[in-house]
Amino acid sequence: MRIAKDCPVTLIGGGEVQADDLNIAMAAAPSLVAADGGADRALALGQTPEAVIGDFDSLTDKARAALPNAALHHDPDQNSTDFDKALGGISAPLVIGVGFLGARLDHQMAAMNTLVRFPKQRCILLGAHEVVFLCPPSFRLDMADDAPVSLFPMGAVEGVSDGLKWPIAGLHFAPDGQVGTSNAAIGPIEIAVTAPKMLLMLPKAVFTAVVGALGQTSSHW
């Protein structure tokens, strides 16, 4: 069953989630959905998810009992992660994911993979120190001088930029070749890329601005 929302959705995972980060996410995306054991995290932080999506291998009996059966969307597929199931099962203007960065590196890498495999569903992952999202075909954001900007390709992709200390025009990005980590802004940045393969990693301080920029742009994959 697909969950369709006209407003942004906060998606909480089973990883580390601070109360402040959940509050920040829900201020921008008040509808709360959990990926499997993320329901336990939400309930522990005083929030009740509207829906839970996953194979339920990490959802506790206590959390299950606290939620109505209609809120439980079980997907037993073992060839996909709970983040895959949840992001693929949500249709919303924007999804803000918390509890997917930090802790286990393999889980973080799997989350990055998911962002690229569901390019039509805009999603921002909010972590303790950064935000990560798939760059749309074109993207603009006001940033302070010297603010870090990292671009990491998850496949072959090219692009052009304005406002970066090291412009990207003419570079052929690939995960086993040229990457764009540790770049920096020299003012407002403008980036355009040729394929839905480039992740942008920006400081957590620009989270609200990123939400606004993605909401305003008409550039979609």
Side-chain angles (χ1 to χ4, degrees), residues 3-13 15-35 38 41-42 45 47 49-51 83 86-102 108 111-112 114-145 147-152 154 159 161-164 183-185 187-193 196 198-221:
I3 297 171
K5 293 285 185 178
D6 293 329
C7 63
V9 169
T10 293
L11 177 63
I12 184 169
E16 297 177 0
V17 182
Q18 299 299 320
D20 286 349
D21 288 342
L22 181 57
N23 291 337
I24 290 170
M26 292 189 66
S31 181
L32 181 63
V33 174
R41 293 284 188 184
L45 293 171
Q47 299 288 347
E50 299 175 18
F83 186 34
L87 197 62
I90 295 172
S91 176
L94 177 68
V95 173
I96 299 172
V98 293
F100 297 99
L101 299 179
Q108 293 184 73
M112 307 297 180
T114 299
L115 289 179
V116 175
R117 289 192 296 106
F118 294 90
K120 292 184 179 180
Q121 177 55 70
R122 284 186 172 168
C123 179
I124 303 169
L125 297 183
L126 173 63
H129 305 290
E130 65 282 302
V131 295
V132 183
F133 58 98
L134 182 68
C135 186
S138 60
F139 179 75
R140 184 188 186 283
L141 186 70
D142 290 336
M143 296 193 70
D145 288 355
V149 178
S150 283
L151 301 92
F152 194 90
M154 296 292 285
S161 66
D162 189 31
L164 291 180
N183 210 322
I189 63 170
E190 294 187 36
I191 299 171
V193 293
M198 184 71 83
L199 297 180
L200 284 183
M201 304 175 182
L202 303 176
K204 181 179 179 180
V206 301
F207 167 72
T208 300
V210 170
V211 171
L214 287 178
Q216 292 170 8
T217 183
S218 58
S219 181
H220 289 268
W221 292 114

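We use all heavy atoms of the structure for the numbers below, so side chains are in, but hydrogens, waters and symmetry mates are not. The chain is numbered in sequence order, starting from 1.
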Sequence neighbours excluded - side-chain hydrogen bond (donor to acceptor under 3.5 Å, both in side chains) pairs with any residue from residues 198-209: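 Found Asp21-Lys204.
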Distance, nearest 0.5 Å, that separates CD1 of Ile96 from SG of Cys123: 8.5 Å
So which heavy atom on [X] is nearest to which on [Y], and how close?
X: Leu125; Y: Ala111; value: CD1-CB, 4.0 Å
X: Leu141; Y: Ala213; value: CD1-CB, 4.0 Å
X: Ala185; Y: Val149; value: N-CG2, 3.9 Å
X: Ala19; Y: Leu45; value: CB-CD2, 3.9 Å
X: Val17; Y: Leu22; value: CG1-CB, 4.2 Å

Backbone N/O of Gly15 and side chain of Arg41: donor-acceptor pair under 3.5 Å: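 Looks like yes, one N/O pair under 3.5 Å.
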Got a list of side-chain donor-acceptor pairs under 3.5 Å for residues 114-122, not counting sequence neighbours?
residue: Thr114; atom: OG1; partner: Asp84; partner atom: OD1; Å: 2.5
residue: Thr114; atom: OG1; partner: Ala110; partner atom: O; Å: 3.1
residue: Arg117; atom: NE; partner: Asn113; partner atom: OD1; Å: 2.5
residue: Arg117; atom: NH2; partner: Asp84; partner atom: OD1; Å: 2.6
residue: Arg117; atom: NH2; partner: Asp84; partner atom: OD2; Å: 2.9
residue: Arg117; atom: NH2; partner: Asn113; partner atom: OD1; Å: 3.4
residue: Gln121; atom: OE1; partner: Ala92; partner atom: N; Å: 3.1
residue: Gln121; atom: NE2; partner: Ala92; partner atom: O; Å: 2.9
residue: Arg122; atom: NH1; partner: Leu214; partner atom: O; Å: 2.4
residue: Arg122; atom: NH2; partner: Ser219; partner atom: O; Å: 2.1

Residues forming a salt bridge (charged side-chain N to carboxylate O under 4.0 Å, His left out) with Asp142, sequence neighbours excluded: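 Asp142: salt bridge (charged side-chain N to carboxylate O under 4.0 Å, His left out) contacts with Arg140.
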Which residues share a salt bridge (charged side-chain N to carboxylate O under 4.0 Å, His left out) with Glu50, sequence neighbours left out: Lys5
Throw together a table of side-chain donor-acceptor distances under 3.5 angstrom for residues 127-137, partners on residues two or more places apart or in other chains.
none

Non-neighbouring partners of Ser150 that pass side chain to side chain contact (heavy atoms under 4.5 Å, CB included), sequence neighbours left out: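 Testing Ser150 for side chain to side chain contact (heavy atoms under 4.5 Å, CB included), a comparison that skips the adjacent residues, returns Thr181, Met201.
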Over 12 foreign heavy atoms within 6.0 Å of CD, Glu16: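 Not more than 12 within 6.0 Å, no.
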Heavy atoms from other residues, nucleotides or ligands near CG of Asp6 exceed 12 (cutoff 6.0 Å): no
